[in-house]
Amino acid sequence: MRTRLQSQVESIVPGILDLRHTIHEHPELGLQEYETCKLLETYVREHVVYERMHRVGETGLFIEIKGTKPGKGKILIIRGDIDALPITEDDKASHCSKNPGVMHACGHDVHGSCVVGTARILSDLRDTFSGSAYIFVQPAEEILAGAKLFLNDPSIDFSKVDGAFALHCSPEFEAGKIGTKYGGILASSDELDIVVNGKGGHGAHPNTVIDPIVVASAIVQNLQTIVSRETEPSDSVVVSLCSIHGGNAFNIVPSEVVLKGTVRTINPASRNSVEDSIKRIVQSTAEAYRATATVTYTRGVPPMVNSTAWVDRVFQVGETLLGKDNVVHLDAPSMGGEDFAFVIERVGGVFIRLGARTPGGPYGSIHSSGFYCDDRAIPTALTVASGLALDFLGARE
């Protein structure tokens, strides 16, 4: 199977590279990926034998590749997201974005092109496995809205799905490598809105006001103790206040200050305790200063927690296909969030890091104007995604 898989990968890499470069040059923001989806859909119609295919929302795509080997088999989800970010790309980059102010700064051009490439490989090798691969060409990951489109699609019965995985570009290590870890690999992503109400007045007469700026400042400081004094040191928790607004004059104390922030946790239990602590600290701090405060805590995506059996499979299959030196055992999670966590939470699976940096080349952080992904990541992604799928679906020559 390895030889046949390698042959299939080598035969389609040039076309997938062309597809990737076209998508990179024409990035589209979340829920606006009309041309990207159309391009990928056309590729599938021309190169893939599929059981069914339909749009999910206006810019997503569901494809089922059904094995022809006798037997019921399993059902596996493979996700590739396709949306870009509102960032202006460094003009020195190859195949630079032609859409001003929009770029693929997170590698979704790679993910989208490789997931349809994987669909093609599985289609060509469908005689070796039973069951089905569900290919998700997902929009709107960056705004955490795309995965729910698939979860809410009545034609996809998630109760019959046996597992799921996704690959994601990572500039932390070189193209040609992959990496993952046991347990939590990505954080939950929750939104925090705090409104502090005091009593406004003249800045020259502070004794006549209840200053919400002072209260808000105390709240910012006190919330830091959640991580430093209420969280187990080995646990990963982030509480970041990222926006503060109040007042519009140099000598007028406002009556209200608004704070906004983000909360990240890896442990689901910590997610609950942190929310409780935030509400307690905010309200008690405001009371101590004779003010009032309201907290709106909005839960976003859950933590991405890898299934142990799936991590075992990634290490085993990855080392077989790529060599042991090209499979990285990650030590720590990232505190970034991912809406594919909703799917992993539902059916179990794994999130895999795909090395993106040119060997010996510079580091370009995701979500920055200098991010890039070396083309050498493409055959790695195709090999790993197809190999994992074939292994899970019981492929035999």
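Remember, it's a predicted structure, so these values are computed and weren't measured experimentally.
Side-chain atoms of Glu142 and His367 include a donor-acceptor pair closer than 3.5 Å. Judged purely by distance below 3.5 Å, without hydrogens or angles, the side chains of Gln138 and Asp339 pair a donor atom with an acceptor atom. Looking only at atom types and distance, the side chain of Asn267 has no donor-acceptor partner in the side chain of Thr265 under 3.5 Å away. Under 3.5 Å, the side chains of Asp374 and Thr358 contain a donor-acceptor pair of N or O atoms.
Between Leu144 and Ser189, the closest heavy-atom pair is CD1-OG, 4.4 Å. Nearest heavy atoms, Thr59 versus Leu31: OG1-CA, 3.9 Å. The heavy-atom pair separating Val343 from Ala147 by the smallest distance is CG2-CB, 4.4 Å.
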ring-ring contact (aromatic ring centres under 6.0 Å, His included) between Tyr363 and Tyr372, intermediate numbers included:
CA-CA 9 Å; Tyr363 172 84; Tyr372 73 99; 9.2 Å; no
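Ionic pairing of Asp391 and Arg313 is present here: one or more N-O contacts between side-chain nitrogen and carboxylate oxygen are shorter than 4.0 angstrom. Looking at Glu275 and Arg271, no side-chain N of the basic residue comes within less than 4.0 Å of a carboxylate O on the acidic one, giving no salt bridge. Between Lys177 and Glu172 no salt bridge is recorded (no basic side-chain N to carboxylate O distance below 4.0 Å). The pair Asp81-Arg79 counts as a salt bridge, with a side-chain nitrogen and a carboxylate oxygen less than 4.0 angstrom apart. The existence of a salt bridge linking Lys181 and Asp331 is excluded, since no basic side-chain nitrogen approaches an acidic carboxylate oxygen closer than 4.0 Å. Ion pairing between Glu64 and Arg52 holds under the 4.0 Å rule for side-chain N and carboxylate O. Ion pairing between Arg376 and Glu174 fails under the 4.0 Å rule for side-chain N and carboxylate O.
More than 12 heavy atoms of other residues, nucleotides or ligands shown are found within 6.0 angstrom of CG on Asp157. More than 12 heavy-atom neighbours from other residues, nucleotides or ligands sit within 6.0 angstrom of OH on Tyr134. Around atom CG of Asp325, no more than 12 heavy atoms belonging to other residues, nucleotides or ligands sit under 6.0 Å away. Applying the 6.0 Å contact sphere to CD of Glu191 captures no more than 12 heavy atoms from other residues, nucleotides or ligands.
By the 4.5 Å heavy-atom criterion applied to side chains, Val56 and His54 are counted as neighbours. Counting only heavy atoms from C-beta outward, the side chains of Pro359 and Arg357 never approach each other to under 4.5 Å. Using a 4.5 Å cut-off on side-chain heavy atoms (C-beta onward), Leu321 and Leu5 make contact. Side-chain contact between His168 and His111 is present, with at least one heavy-atom pair separated by less than 4.5 Å. Side-chain contact check for Leu330 versus Arg353: some heavy-atom pair is nearer than 4.5 Å. Ile194 is listed as a side-chain neighbour of Leu192, based on a closest heavy-atom distance under 4.5 Å.
Note that Lys66 lies outside the cation-pi zone of Tyr50, set by a 6.0 Å cut-off to the ring centre and a 45° limit from the axis.
Just one residue in the list His104, Lys98, Glu89 forms a side-chain hydrogen bond (donor to acceptor under 3.5 Å, both in side chains) with His24, and that residue is Glu89. Between Val115 and the choices Leu167, Ile135, Leu382, the side-chain contact (heavy atoms from CB on, under 4.5 Å) rule is met once, by Ile135.
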